[in-house]
Amino acid sequence: MFTQIFNLLLVLVWLGLVIYALLALRRRTLNATAKALWALIILAIPVLGAVAFFIVQPQDL
């Protein structure tokens, strides 16, 4: 029971992090190619993609 609740919380935190990263990406004024690449990275690499986005902080153009 505890492991099911823990797994559910992990999935919810992961989804929240991905949604937050994609919304932050949407607010940036990057070119379309850069946005598409970052979106693929965020979605393809479950946790590290979103964390990498916030660490790198791509500069607005």
Can you pull the side-chain hydrogen bond (donor to acceptor under 3.5 Å, both in side chains) pairs that have at least one residue in residues 16-25, sequence neighbours excluded?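 Qualifying pairs: none.
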
Quick one: which residue pairs count as a side-chain hydrogen bond (donor to acceptor under 3.5 Å, both in side chains) with a foot in residues 38-56, not counting sequence neighbours? none

Say whether [X] and [Y] are linked into one hydrophobic cluster, either directly or through other cluster members, by side-chain heavy-atom distances under 4.5 angstrom.
X   : Y   : answer
W14 : F6  : no
L37 : I55 : no
L15 : L10 : no

Restricting to side chain to side chain contact (heavy atoms under 4.5 Å, CB included), what partner residues turn up for [X], sequence neighbours left out?
X   : answer
T3  : none
V13 : none
L40 : none
A39 : L22, L25

For [X], the rest of its hydrophobic cluster, which grows through side-chain links under 4.5 angstrom:
X   : result
I19 : L23
L8  : L12
F2  : none
I5  : M1, L9

What residues, two or more places apart in sequence or in another chain, satisfy side-chain hydrogen bond (donor to acceptor under 3.5 Å, both in side chains) together with Q57?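 Listed in chain order: R28.
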
For A21 versus I42, what's the shortest heavy-atom pair and its separation? CB-CD1, 3.9 Å

Specify the closest pair of heavy atoms between V18 and P46, including all atoms of both residues, with the distance to one decimal.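 Smallest interatomic distance, heavy atoms only, reads CG2-O, 4.0 Å.
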
Taking the side chain as every heavy atom from C-beta outward, state whether V11 and N7 have any pair of such atoms under 4.5 Å apart. no

